[in-house]
Structure formats: C-alpha cells, structure tokens
Student: 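Mind having a look at this structure? Questions to follow.
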Amino acid sequence: YLKAEGFFESRNRLRDPYIYNESDTRLNETAMRENAMLFCKAVPIALQTLGIRKNIILHLQEWQTALISLTSKEAMLNETLYSCGTVQTIHNTYDSSITRELLAMVTNRSRRRLISRLPGNDLTAYQIGLQLVDAPVTTVSEHIAAEFTIDNIQTDIFAPHLQNIFRKSGVYGINNGAFNNPPPGSSKRKKLALDEIRKIKLKKRKALLRILTSYKPEERFGDLTYKGRTISNLPDDIPIIVMSGRLAPLQKGYDVLLRAVEMFAEDEIKAVLTPIPVHRNDLDYFYEVACKCKGNLTVFPIRMERGYRELQSGSTFGIMPSIYEPFGSAVEYMANGTVNIVRATGGLLDQIDRRCGFLFREDAVFYTPENIRNFVATGSIVQMRKTNPWFQNMADNLFDILKKAIYIYRYNPDKYYNLIRNGFEKINDFSWKANVKKYFQVYEKVSSA
C-alpha cells in the first residue's frame, strides 16, 4: 500500500512480488533488500501522515517487514508515533543479511554511531527484528511451529542462526483457513451417501478429461494417451494424479514426484503437473520425464486460463511431496473432493490424517544433515539428486504409497469414497474465523503490555 518512485517495481512474467531481476539472483536479492528497508523506514512516517499515531498494532509478515519492529520503536522515541506494538508471523524461515550500512539508513544519528561500533559480522533481518517484537513469534500451522526447532532442515540448513531466539521466545502456530472458496454445495457433501459421492466424482472426472483433451496452450508439453490414443475415454479405474503450485526446488518436491512417475508402467497412471517456473531450465527434468513416460505425463508450466478447478475436483489424487510445508493447499483438494497424498511434514500434518488421505515419509536413517545439504546444493540441477539416498528413498516411499492408494481406488472404492467424505468433514477444522480469534489473543498480549 506504499508507492515510491523507483521502488516496489517487481515486473516479471510470473507477477511475483519477490522477483525484481529474473536473470541475476544477486542483483535480485540486493533490490529486494533495499525495497524492504525502504518499506520498514516508510511505514511509521506513512502512519503519522495519515494521522494514525497511537494504539497501533502492526502485524508483520516475513523478513521483508521484520525491521518495522525497530523503526516503529524509533518512531516512538522521536515522537513520530505515540504508541505502537508489533507482532511477527513467519511463513518461511527465509532470511536476509542486513549490512551495517543498510541498518544505519533506517536509524537515527545516535544509533548509527552505536551500530558502527558493533563487533562481529552483519546480522539478519530476523536476528534483529524478532528480538524487538512485542509478542511471541507466530507461524501458519501448529506442526511447522514445532519443526522450526526440531526438524533438521530448519535447525541445520535454513534457520540455525535463529534457534536461540525461537527457543527463548517460543513459536506459536496458528493454522490458516482455506485460501479458495469451496465449491457450491460442498458443505452438504459430508452428509452424502458414498454412491452419490461416486456419481459426482465421476462426473467431475469426465469434465477434467474434456479439458485435458481440448486445452492445449503452446506452453503445454507431454502427451496423455490411453493405448496410444486419446484419453477422452480413459477407463475409470486408471487414476489421474495432480500436483500444482510454484516450482520451488528446495521446497515443493516436484522432482520427487517425477522420479516416482518414472517407475510406473504405461497406462498405469496419468499425471498432470502445473509448475510455475522462474527460469525455463527449471523445466529440464520435466521434459526428460515427459519424453521417457510418454502417454503418462503432461505439464502445464503456466497459470492455467482453463481447467484449474476441474483439475482440483476431477483428479483422483492431489500430490504434495513437500520437503517442508508451512501450511499448503491440501484443504483446497479436500474441499473439491480429491484425496490427498502428502509427505508427513509441517502444515500437511495438521490437514491430513489417515481418515481422509495418505501420508508418507522417507526412512529416518536417510534424513541426515549430509544428505539434506547435498539436496539443497543441487537445487539448480535437480537431476543430480538421483544419487542422493534421501531423495531416492523419498521417491521410493512416494511410489509405494501411490501403489497402495491406487489399489484402494481400484479394488476398494467404498474406502476411497469414504476418504472423500471424511475430507469434507475435516475441512471444518480450518476457518479464518478461528484463525482471527487466535491472532486476536496475540494482539491482546501486545495491547496489555
């Protein structure tokens, strides 16, 4: 909600507000850091200009806003603001170093002198900001809150520098609600008989098959066929799996699913993937598997203009093999009558249990700091992960749970459709009304301080 000439201009084909330079990662990080610092400096001044000077609670999101906990306190000291508290929500533990020069730009003259005398290396936005907020740190699900201090990928890779802060102040998990509105009538579906759910699901499947047969944007690649011909008459017992969302090689696990898809025989499964890539070469592994598994895989590397809702409601299984997941979109699949298969991590554990979906996890012996570091180091060329024991084991276990889920879908359909019905009940656990109530409790801690 702030406009400043030369800032906040993240023009890119993905409409991603965090991408200022698509071709140079270093320049992009510099631009994002500078934009973030201007924002943190400007917020108290904007509030003063608007005549909002007291009884303020600022709810900060991600590292880009974390230093408002500093600038708002400075604003009270110099009487720009009268009373102001801050709350911080972390969706991911992504962080950014803040040089002393940048930090000096958002502080007054006396503190600049103090900053110049600080010993040691530069600190990060969270290392500074989280120590100045006025309430416990919050995040978007209960399980990810715990994982911030116990999961190897957080404690050893992404957030080792924040462990003392997390353990001292605690991290409070507040589950999100659903981001998309459920389809009309979904609240009534939990009461439907299994045969009624089956009829609805097969109708949605036919609508999806029509889309997959007719919607062929130029960016799409990979054929879906049945016995070498069109899939318009694909038999009902051949499952269609879907994975959607941005292509994040360190988080989402598209490559884990691709490795599992490679293990299936022709016409044993049909997979539809809709990754949103930053760079075209991010799709290299997708092209490789699409060629190798011709007939079984198609890829829409775009924001689909048609068919996205049909994918959510007509597919047999929604797949989320996330390496870590703050919250995720499993609730959206459930609301659309699609059974989830997810890696047991983060917010996915809050959403999915064995009554409404399938959970898998690699064997613990492979989840080692060495394997995780190797996985992170190969984010730019994911094919190199095929030699990583952790990656291999994740893909193998995903393949095994897919085989189990497909068996149930084919030979125990009542159990499959009961998973859908249980999912309709489960989504009632996730509401923005409950979410707001818990955040209000956090705000009360600030206002009573």
Student: Not counting sequence neighbours, which residues clear ring-ring contact (aromatic ring centres under 6.0 Å, His included) with Y94? List them please.
Tutor: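 ring-ring contact (aromatic ring centres under 6.0 Å, His included) check on Y94 returns nothing, list empty.
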Student: The test is side-chain contact (heavy atoms from CB on, under 4.5 Å); show your working for N175 and F327 and say whether it passes.
Tutor: CA-CA 7 Å; N175 289 334; F327 189 72; 4.3 Å; yes
Student: Return the CG to OG distance between L81 and S72, rounded to the nearest 0.5 Å.
Tutor: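 OG of S72 is found 7.5 Å from CG of L81.
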Student: Is the distance between the ring centroids of F300 and Y308 under 6.0 Å?
Tutor: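 No, ring centres 6.0 Å or more apart.
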Student: Answer yes or no: is there a side-chain heavy-atom contact under 4.5 Å between L47 and I56?
Tutor: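 When only atoms from C-beta onward are counted, I56 and L47 do touch, with a gap below 4.5 Å.
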Student: Under 3.5 Å, is there a donor-acceptor pair between the side chain of E147 and the main chain of G346?
Tutor: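 Yes; at least one donor-acceptor contact below 3.5 Å.
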Student: Main chain of G245, side chain of Y254: is a donor-acceptor contact present, judged purely on distance under 3.5 Å?
Tutor: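 Yes.
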Student: Would you say the side-chain atoms of Y215 pair up with the backbone N or O of E305, donor to acceptor, closer than 3.5 Å?
Tutor: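 It does hold such a pair.
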Student: Which heavy atom of M304 sits nearest a heavy atom of L311, and at what distance?
Tutor: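 Nearest heavy atoms, M304 then L311: SD-CD1, 3.6 Å.
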Student: Do the side chains of K252 and E325 get close enough for a salt bridge, i.e. N-O under 4.0 angstrom?
Tutor: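 Salt bridge: yes.
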Student: Scan side-chain atoms only and decide if T99 and D122 contain a donor-acceptor pair under the 3.5 Å cut-off.
Tutor: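 No donor-acceptor contact under 3.5 Å links the two side chains.
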Student: Flag yes if more than 12 heavy atoms outside E370 fall under 6.0 Å of its CD atom; otherwise flag no.
Tutor: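 Atom CD in E370 is not crowded, with 12 or fewer foreign heavy atoms closer than 6.0 Å.
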Student: Within this structure, what is the CE-CD1 distance for the pair M384 and I381, rounded to the nearest 0.5 Å?
Tutor: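 Those atoms lie 5.5 Å apart.
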Student: Quick check for you: to the nearest 0.5 Å, what is the distance between S431 atom OG and K437 atom NZ?
Tutor: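 One gets 10.0 Å once the value is rounded to the nearest 0.5 Å.
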Student: Taking the side chain from N176 and the backbone from F430, do they hold a donor-acceptor pair closer than 3.5 Å?
Tutor: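 Side chain of N176 to backbone of F430: no pair is present.
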Student: Mind telling me whether Y443 and F440 have parallel, tilted or perpendicular rings, with 30° and 60° as the class edges?
Tutor: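 F440 vs Y443 ring planes: perpendicular.
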Student: Do you see a donor-acceptor pair shorter than 3.5 Å between the side chains of H91 and T139?
Tutor: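 There is no such pair (donor and acceptor under 3.5 Å, judged by atom type) between the side chains of H91 and T139.
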Student: What's the verdict on side-chain contact (heavy atoms from CB on, under 4.5 Å) for I197 and N418, showing C-alpha distance, side-chain angles and the deciding distance?
Tutor: CA-CA 9 Å; I197 293 175; N418 196 51; over 6 Å; no
Student: So, for G85 and V446, which heavy atoms are closest and what is the spacing to 0.1 Å?
Tutor: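 That closest heavy-atom pairing would be CA-CG1, 3.7 Å.
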Student: Can you tell me if T138 and T89 form a side-chain donor-acceptor pair at under 3.5 Å?
Tutor: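 Short answer, yes.
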Student: Crowded around I52 CD1? As in, over 12 foreign heavy atoms under 6.0 Å?
Tutor: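 Above 12, so yes.
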Student: For F317, what residues pass the ring-ring contact (aromatic ring centres under 6.0 Å, His included) criterion, not counting sequence neighbours?
Tutor: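 Per chain and number, F317 pairs via ring-ring contact (aromatic ring centres under 6.0 Å, His included) with Y416.
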Student: According to salt bridge (Lys or Arg N to Asp or Glu O under 4.0 Å), who are the partners of D255, at least two apart in sequence or on a separate chain?
Tutor: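 Per chain and number, D255 pairs via salt bridge (Lys or Arg N to Asp or Glu O under 4.0 Å) with R385.
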Student: Answer yes or no: is there a donor N or O on one side and an acceptor on the other, between the side chain of S69 and the main chain of G129, under 3.5 Å?
Tutor: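 Present.
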Student: Between atom OG1 of T338 and atom CZ of R205, what is the distance when rounded to the nearest 0.5 Å?
Tutor: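 The distance works out to 11.0 Å.
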Student: Which heavy atom of V133 sits nearest a heavy atom of T86, and at what distance?
Tutor: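 For V133 versus T86, the nearest heavy atoms are CA-OG1, 3.4 Å.
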Student: Taking only residues two or more places apart in sequence or in another chain, which ones pass side-chain contact (heavy atoms from CB on, under 4.5 Å) with D429?
Tutor: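 Partners of D429 by the side-chain contact (heavy atoms from CB on, under 4.5 Å) criterion, ordered by chain and then number, come out as K426.
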Student: T345 vs I323, test: side-chain contact (heavy atoms from CB on, under 4.5 Å). Steps then yes/no.
Tutor: CA-CA 8 Å; T345 187; I323 308 307; over 6 Å; no
Student: How far apart are the closest heavy atoms of C356 and Q351, and which atoms are they?
Tutor: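 It is SG-O, 4.0 Å.
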Student: Who passes ring-ring contact (aromatic ring centres under 6.0 Å, His included) against Y126, sequence neighbours left out?
Tutor: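 ring-ring contact (aromatic ring centres under 6.0 Å, His included) list for Y126, sorted by chain: empty.
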Student: Before giving the answer on side-chain contact (heavy atoms from CB on, under 4.5 Å), spell out for I90 and W63 the whole-Å C-alpha distance, their side-chain angles and the decisive distance to 0.1 Å.
Tutor: CA-CA 8 Å; I90 297 177; W63 72 261; over 6 Å; no
Student: Backbone N or O of G357 within a donor-acceptor pair of the N340 side chain at under 3.5 Å?
Tutor: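 Answer holds: no.
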Student: Please name all residues satisfying side-chain contact (heavy atoms from CB on, under 4.5 Å) with A159, sequence neighbours left out, ordered by chain then number.
Tutor: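 With sequence neighbours excluded, A159 shows a side-chain contact (heavy atoms from CB on, under 4.5 Å) to T93, Q154, L162, Q163, F166, given in chain and number order.
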Student: Looking only at non-hydrogen atoms, find the nearest pair between Q131 and Q127 and report the distance.
Tutor: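 So the two residues come closest at NE2-O, 2.6 Å.
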Student: Carefully, step by step, assess K438 and E142 under the rule salt bridge (charged side-chain N to carboxylate O under 4.0 Å, His left out).
Tutor: CA-CA 12 Å; K438 290 186 176 181; E142 294 172 4; 3.7 Å; yes
Student: Treating S315 as the side-chain partner and Q312 as the backbone partner, does any N or O pair qualify as donor plus acceptor under 3.5 Å?
Tutor: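 No, the answer is negative, given that no donor and acceptor are paired below the 3.5 Å cut-off.
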Student: Do P275 and R246 have side-chain heavy atoms sitting under 4.5 Å apart?
Tutor: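 They are not in side-chain contact.
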Student: Going by the rule side-chain contact (heavy atoms from CB on, under 4.5 Å), which residues pair with E262 if we only count those two or more places apart in sequence or in a different chain?
Tutor: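 For E262 the side-chain contact (heavy atoms from CB on, under 4.5 Å) partners, ignoring immediate neighbours, are R259, Y285, V289, K292, C293, K386.
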Student: Can a side-chain donor-acceptor contact be found between Y287 and N281 if the only test is distance below 3.5 angstrom?
Tutor: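 No donor-acceptor contact under 3.5 Å links the two side chains.
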Student: Can you check side chain to side chain donor-acceptor pair (under 3.5 Å) on T274 and S244, steps first, answer last?
Tutor: CA-CA 5 Å; T274 67; S244 297; 2.9 Å; yes
Student: How would you list all residue pairs meeting ring-ring contact (aromatic ring centres under 6.0 Å, His included) that involve residues 3-39, not counting sequence neighbours?
Tutor: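 For residues 3-39: none.
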Student: Mind checking whether E425 and R355 have side chains closer than 4.5 Å, heavy atoms only?
Tutor: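 Yes, close enough: below the 4.5 Å cut-off.
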Student: Would you check if the side chain of N388 reaches a backbone N or O of N371 as a donor-acceptor pair within less than 3.5 Å?
Tutor: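 Indeed, once roles are kept as given, a pair shorter than 3.5 Å links the two residues.
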Student: Is a donor on one side and an acceptor on the other found under 3.5 Å between the side chain of N336 and the backbone of E332?
Tutor: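 Yes.
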Student: For atom CG of D400, decide whether the heavy atoms of other residues, nucleotides or ligands shown that lie under 6.0 angstrom number more than 12.
Tutor: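 Yes, enclosed.
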Student: Could you measure the distance from the OG1 atom of T65 to the CG atom of L60? Nearest 0.5 Å is fine.
Tutor: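 One gets 4.5 Å once the value is rounded to the nearest 0.5 Å.
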Student: Between atom OG1 of T298 and atom CZ of F221, what is the distance when rounded to the nearest 0.5 Å?
Tutor: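 That separation rounds to 8.0 Å.
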Student: Does S97 reach the side chain of H161, with side-chain heavy atoms less than 4.5 Å apart?
Tutor: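 No, too far: nothing below the 4.5 Å cut-off.
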Student: Restricting to pairs with a member in residues 30-54, which pass side chain to side chain donor-acceptor pair (under 3.5 Å), not counting sequence neighbours?
Tutor: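 Counting only pairs at least two positions apart or across chains, the side chain to side chain donor-acceptor pair (under 3.5 Å) contacts touching residues 30-54 are R33-S96.
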Student: Going by salt bridge (charged side-chain N to carboxylate O under 4.0 Å, His left out), name the pairs with one or both residues in residues 63-87, residues two or more places apart or in two chains.
Tutor: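 Output for this query lists K73-D134, E74-R111.
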Student: Please report the closest heavy-atom contact between P389 and F366, naming both atoms and the distance.
Tutor: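 Shortest heavy-atom contact: CB-CD2, 3.6 Å.
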Student: Output all residues satisfying ring-ring contact (aromatic ring centres under 6.0 Å, His included) with F399, sequence neighbours left out; order by chain, then residue number.
Tutor: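 With neighbours one apart ignored, the set is F264.
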Student: Output every pair passing side chain to side chain donor-acceptor pair (under 3.5 Å) with a member in residues 356-366, not counting sequence neighbours, ordered by first then second residue.
Tutor: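 Checked against side chain to side chain donor-acceptor pair (under 3.5 Å) - neighbours excluded - the pairs reaching residues 356-366 are R343-E362, E362-W390, D363-N393.
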